[in-house]
Structures are given as C-alpha cells and as structure tokens.
Visitor: 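Encoded as structure tokens, here's the structure I'll be asking about.
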There are 2 protein chains.
Amino acid sequence: MKLIHQLSKETGIPIGTIRFYEKSGLFRGKTKEEVKTNNYVYYGDEVVEKLRFIQMAKAVGFTLSEIKEVIDAWYKKQISKNAKIEVLDRKLLQIDEKIKELKAFKNK
Amino acid sequence: MKLIHQLSKETGIPIGTIRFYEKSGLFRGKTKEEVKTNNYVYYGDEVVEKLRFIQMAKAVGFTLSEIKEVIDAWYKKQISKNAKIEVLDRKLLQIDEKIKELKAFKNK
DNA sequence: TCAAACTATGCAGTATGCTACATACTTGTA
DNA sequence: TACAAGTATGTAGCATACTGCATAGTTTGA
C-alpha cells in the first residue's frame with residue numbers, strides 16, 4: 001500500500017492528476033482506520049493497474065467517462081468475463097476500424 | 001465546389017465546427033473572385049478528404065495540432081511520399097502499441 | 001417582392017481534462 | 001526539536017475543442 005507520492009512516481013502521473021482521477025470516480029484509495037492522527041490515503045496494486053489502463057486508453061482516444069465505464073465493468077465481480085471483455089472490445093473495435101481507414105489513407 | 005452548408009451535410013460535421021477547423025488552419029476554402037456581391041467560401045473535394053481524415057484521426061486520439069502536422073505534410077508537394085507516410089506512421093505506431101497493451105489487458 | 005434559408009464575423013459560454021496555488025496539518029530526519 | 005518533505009482540501013485558472021448567439025448581409029423560390 002502506497003501513498004500518493006509513490007503512486008505518482010511509479011506511474012509517472014502527476015499527483016494533481018491522480019487526485020483529479022480519484023475525484024472523477026475512476027478508483028478509490030483507502031484511509032487506514034487504525035491511524036487516528038491523519039487521513040492519508042493509501043493505494044494498492046489495483047489502483048496502479050487502473051492508472052496504467054487509463055494511460056493506455058487515453059492514448060488511443062478513450063474519454064475519461066469511457067474509461068470509467070470499462071473500469072466499472074472490469075472490477076465488478078458480478079458480471080461475467082465475457083461481458084467485461086465486451087465493454088472493452090466495443091471501443092477497441094471502433095478504433096481498429098479507424099486505424100485501418102487511416103492506414104488506407106496512406107495509399108492515396 | 002460546395003458551400004459550407006453542403007459540406008456540413010456531406011461530412012456530418014456541424015458548420016460551427018468546420019469554421020473552427022478552418023480558423024485553426026486545418027484547411028482553407030476559397031472565395032470566387034468573379035463574385036463581387038458576397039464573400040461566400042467554397043470548398044473542394046480536398047477539403048472533404050481532409051475532414052474525413054480529421055474525423056478518423058480524432059477518433060483514435062490525435063489532437064488537432066497533431067492532425068494539422070499530418071495534413072500539412074500530406075498536402076505539401078515538396079516532400080517525398082515516404083516522408084509523408086512517416087509523419088502519419090509515427091503516431092499510428094504509438095497507437096498500435098497501446099492497442100496491443102489494451103488487448104493484453106483482457107487476459108487479466 | 002418578400003420571406004425563408006443561407007452566409008460571414010465576432011465574441012461569449014461550455015465541457016473536458018488537467019494544473020497551480022493557498023492554506024493547513026502531519027511525518028520523517030538531521 | 002526544527003525544518004524539509006509529504007498530505008488533504010478547496011478553489012481558481014488554463015488549454016483544447018467546440019457550441020451558441022447576435023448581428024448583418026445575400027440568395028433563392030413561391
């Protein structure tokens with residue numbers, strides 16, 4: 001479990017941005033109940049994983065709300081693996097399509 | 001040669017957005033010199049082509065300035081075909097990379 | 001001919017995604 | 001124990017990419 005400074009260093013994402021993502025509901029750290037002197041927030045490996053996903057997804061044109069949709073589905077235990085993959089695939093297919101069109105553009 | 005209304009209908013891009021793109025330097029229509037009574041701007045097929053490119057490129061996460069870079073290179077006659085393709089490929093490869101990573105994510 | 005539709009220009013406003021700043025408290029270490 | 005480094009919270013500001021509105025002029029069709 002890491003504090004925000006370390007999380008930032010590990011992912012390369014600025015602290016301000018991490019806080020912004022957290023406020024946007026993309027993930028949640030947790031405070032340690034046993035610590036009474038502060039309300040420092042700790043982040044586990046799941047958050048690192050989510051941040052890496054966010055970085056990749058943003059790079060291929062996902063909006064934050066699309067990313068939230070995928071993450072919400074992905075980390076929801078109730079739904080099937082196939083249903084999870086489908087949420088991600090839907091957008092990925094659109095992108096594949098566009099990439100193909102862009103590549104076709106090269107032969108103009 | 002079409003006026004902005006028809007261009008908008010043909011591409012599905014709102015008139016305001018087309019004007020915004022034009023002002024951003026992504027392309028330029030031309031006024032007909034022989035017409036003295038107005039300054040209506042006409043757009044040729046090259047502009048349609050550029051707008052389609054913009055739509056695709058935006059969908060895979062290109063920013064407008066990245067798009068401008070590609071378009072500028074693409075429609076510059078002085079540079080070689082290979083050089084043009086390279087400008088486009090640079091970003092396309094980055095995206096391919098990210099897509100691959102995202103697909104790998106599915107096996108988690 | 002006159003009203004609807006279209007065009008140009010300019011500027012204000014909005015949504016998204018950060019980024020910076022101020023304030024205040026906590027922790028680690030020399 | 002002092003002081004740098006880290007943390008939380010809140011709010012303002014900024015860049016990008018639109019979107020809408022007001023104003024004014026032009027064109028087209030019944």
Side-chain angles (χ1 to χ4, degrees), chain A residues 1-44 47 50-72 91 98, chain B residues 1-44 47 50-72 91 98:
Chain A
M1 296 294 270
K2 14 186 165 284
L3 289 168
I4 199 159
H5 185 76
Q6 198 195 329
L7 183 61
S8 170
K9 268 201 333 199
E10 243 177 80
T11 59
I13 299 173
I15 290 177
T17 305
I18 293 175
R19 289 206 218 276
F20 173 76
Y21 288 160
E22 183 163 13
K23 225 188 301 178
S24 305
L26 294 175
F27 54 82
R28 285 188 43 162
K30 14 185 182 296
T31 53
K32 295 191 173 174
E33 288 169 46
E34 68 270 26
V35 179
K36 305 288 189 207
T37 53
N38 66 38
N39 50 347
Y40 288 7
V41 177
Y42 290 82
Y43 302 92
V47 173
K50 286 178 183 178
L51 282 173
R52 299 225 184 277
F53 178 79
I54 292 167
Q55 286 177 308
M56 293 183 283
K58 274 182 49 56
V60 297
F62 282 56
T63 64
L64 289 189
S65 61
E66 285 169 334
I67 292 172
K68 181 162 159 47
E69 228 184 292
V70 175
I71 287 182
D72 284 350
K91 178 84 184 183
K98 299 293 172 197
Chain B
M1 297 293 270
K2 15 187 166 284
L3 289 167
I4 199 159
H5 186 75
Q6 198 196 330
L7 184 61
S8 169
K9 267 200 335 199
E10 243 177 79
T11 58
I13 299 173
I15 290 177
T17 305
I18 292 175
R19 289 207 218 275
F20 173 76
Y21 288 161
E22 184 164 11
K23 223 188 304 179
S24 305
L26 294 175
F27 54 81
R28 285 189 41 162
K30 14 187 182 296
T31 55
K32 295 192 172 173
E33 289 169 47
E34 69 270 25
V35 179
K36 306 286 189 207
T37 51
N38 66 38
N39 51 347
Y40 288 8
V41 178
Y42 290 82
Y43 302 93
V47 173
K50 285 178 183 177
L51 284 173
R52 299 228 184 277
F53 177 79
I54 292 167
Q55 286 177 308
M56 291 183 284
K58 275 183 48 60
V60 297
F62 281 58
T63 64
L64 289 189
S65 59
E66 285 168 335
I67 291 172
K68 181 163 160 42
E69 227 184 294
V70 176
I71 286 182
D72 283 349
K91 179 85 183 183
K98 299 293 173 195

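Proteins get letters first, then strands, A, B, ... in listed order; numbering begins at 1 in each.
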Visitor: D:dT27 phosphate, OP1 or OP2: any side-chain N/O from B:T37 under 4.0 angstrom?
Guide: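 For D:dT27, OP1 or OP2 has a side-chain N or O of B:T37 closer than 4.0 Å.
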Visitor: Please report the interatomic distance CD(A:Q6) to CE(A:M1), rounded to the nearest 0.5 Å.
Guide: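 The CE atom of A:M1 is 11.5 Å from CD of A:Q6, to the nearest 0.5 Å.
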Visitor: Using whole Å, what does the distance between atom P of nucleotide C:dT16 and atom CG of A:L64 come to?
Guide: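 Spelled out: CG on A:L64 to P on C:dT16 is 10 Å.
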Visitor: Taking N and O atoms by type only, does the side chain of A:Y21 place a donor or acceptor under 3.5 Å from a partner on the base of C:dG17?
Guide: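 Result: no qualifying N/O pair found.
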Visitor: So if I take every side-chain heavy atom of B:F20 and compare against D:dC18, C:dG17, C:dT7, which nucleotide ends up nearest?
Guide: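 Ranking D:dC18, C:dG17, C:dT7 by closest atom to the B:F20 side chain puts D:dC18 first.
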Visitor: If you check every side-chain atom of A:V41, which of C:dC18, D:dA17, D:dA8 has the closest atom?
Guide: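 When the side chain of A:V41 is considered, D:dA8 is the closest of C:dC18, D:dA17, D:dA8.
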Visitor: What integer distance in Å separates A:K2:NZ from D:dG6:C1'?
Guide: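 That distance rounds to 17 Å.
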Visitor: For A:N38 and C:dC25, is the shortest distance between a side-chain N/O and OP1 or OP2 below 4.0 Å?
Guide: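 So the side-chain polar atoms of A:N38 never come under 4.0 Å of the phosphate oxygens OP1 or OP2 of C:dC25.
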Visitor: What distance separates A:T17 OG1 from A:Q55 CD, expressed to the nearest 0.5 Å?
Guide: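 CD of A:Q55 is found 10.0 Å from OG1 of A:T17.
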Visitor: Let me spell it out: for each of B:V35 and B:I54, pick the nucleotide of DNA chain D with the closest heavy atom. Which residue's pick is nearer the 5' end?
Guide: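 Counting from the 5' end, the first nearest nucleotide belongs to B:I54.
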Visitor: Round to a whole Å and report the spacing from CD1 of B:I18 to P of C:dC6.
Guide: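 My rounded result for the distance is 14 Å.
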Visitor: Taking everything shown except B:E33 itself, do over 12 heavy atoms lie less than 6.0 Å from its CD?
Guide: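 For B:E33, atom CD is not crowded (no more than 12 foreign heavy atoms under 6.0 Å).
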Visitor: Have a look at B:S24 and say if it touches a base, only the backbone sugar-phosphate, or nothing, with a 4.0 Å heavy-atom cut-off.
Guide: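 Since no nucleic acid heavy atom lies under 4.0 Å of B:S24, the category is nothing.
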Visitor: Could you say whether B:I4 or A:P14 is positioned toward the 5' end of DNA chain C, judged by the nucleotide with the nearest heavy atom to each?
Guide: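 In this pair, the answer is B:I4.
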Visitor: With respect to the side chain of A:T63, which nucleotide from D:dT9, C:dG17, C:dC6 is positioned closest?
Guide: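 The closest nucleotide is C:dG17.
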Visitor: Atom OH of A:Y43 and atom CG of A:L3: how far apart are they, to the nearest 0.5 Å?
Guide: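 Those atoms lie 8.5 Å apart.
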Visitor: Within this structure, what is the CZ-to-P distance between B:R28 and C:dA8, rounded to whole angstrom?
Guide: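 Computing the B:R28:CZ to C:dA8:P distance gives 13 Å.
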Visitor: Within the pair A:R19 and D:dA8, is there a side-chain N or O less than 4.0 Å away from OP1 or OP2?
Guide: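 Indeed, a polar side-chain atom of A:R19 lies that close.
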Visitor: Measure from CD1 on A:I15 to C1' on C:dA20 and round the result to the nearest Å.
Guide: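 Nearest whole value for this atom pair: 13 Å.
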Visitor: Whole Å only: how far is the OH atom of A:Y42 from the C1' atom of D:dG6?
Guide: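 Rounded to whole Å, this separation is 11 Å.
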Visitor: Between C:dT27, D:dA17, C:dC11, which nucleotide has the shortest distance from any of its atoms to the side chain of B:K23?
Guide: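 Out of C:dT27, D:dA17, C:dC11, the nucleotide with an atom closest to B:K23's side chain is C:dC11.
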Visitor: Check whether any side-chain nitrogen or oxygen of A:T17 sits under 4.0 Å from OP1 or OP2 of C:dG17, and answer yes or no.
Guide: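 Looking at the OP1 and OP2 atoms of C:dG17, neither is under 4.0 Å from any side-chain N or O of A:T17.
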Visitor: Could you tell me if the side chain of A:L64 sits less than 4.5 Å from the side chain of A:K58, heavy atoms only?
Guide: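 Sidechains of A:L64 and A:K58: in contact.
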Visitor: How many Å lie between OH on A:Y40 and C1' on D:dT9, as a whole number?
Guide: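 Answer to the nearest Å: 13 Å.
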Visitor: Does any part of the side chain of A:I71, heavy atoms only, come nearer than 4.5 Å to the side chain of A:F53, both counted from C-beta?
Guide: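 In short, these two side chains touch, coming nearer than 4.5 Å.
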Visitor: Below 4.0 angstrom from OP1 or OP2 of C:dT9, is there any side-chain N or O of B:N39?
Guide: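 The answer is yes; a side-chain N or O of B:N39 sits under 4.0 Å from OP1 or OP2.
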Visitor: May I have the distance from A:Q55 (atom CD) to C:dC18 (atom P), rounded to whole angstrom?
Guide: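 About 11 Å, once rounded to whole Å.
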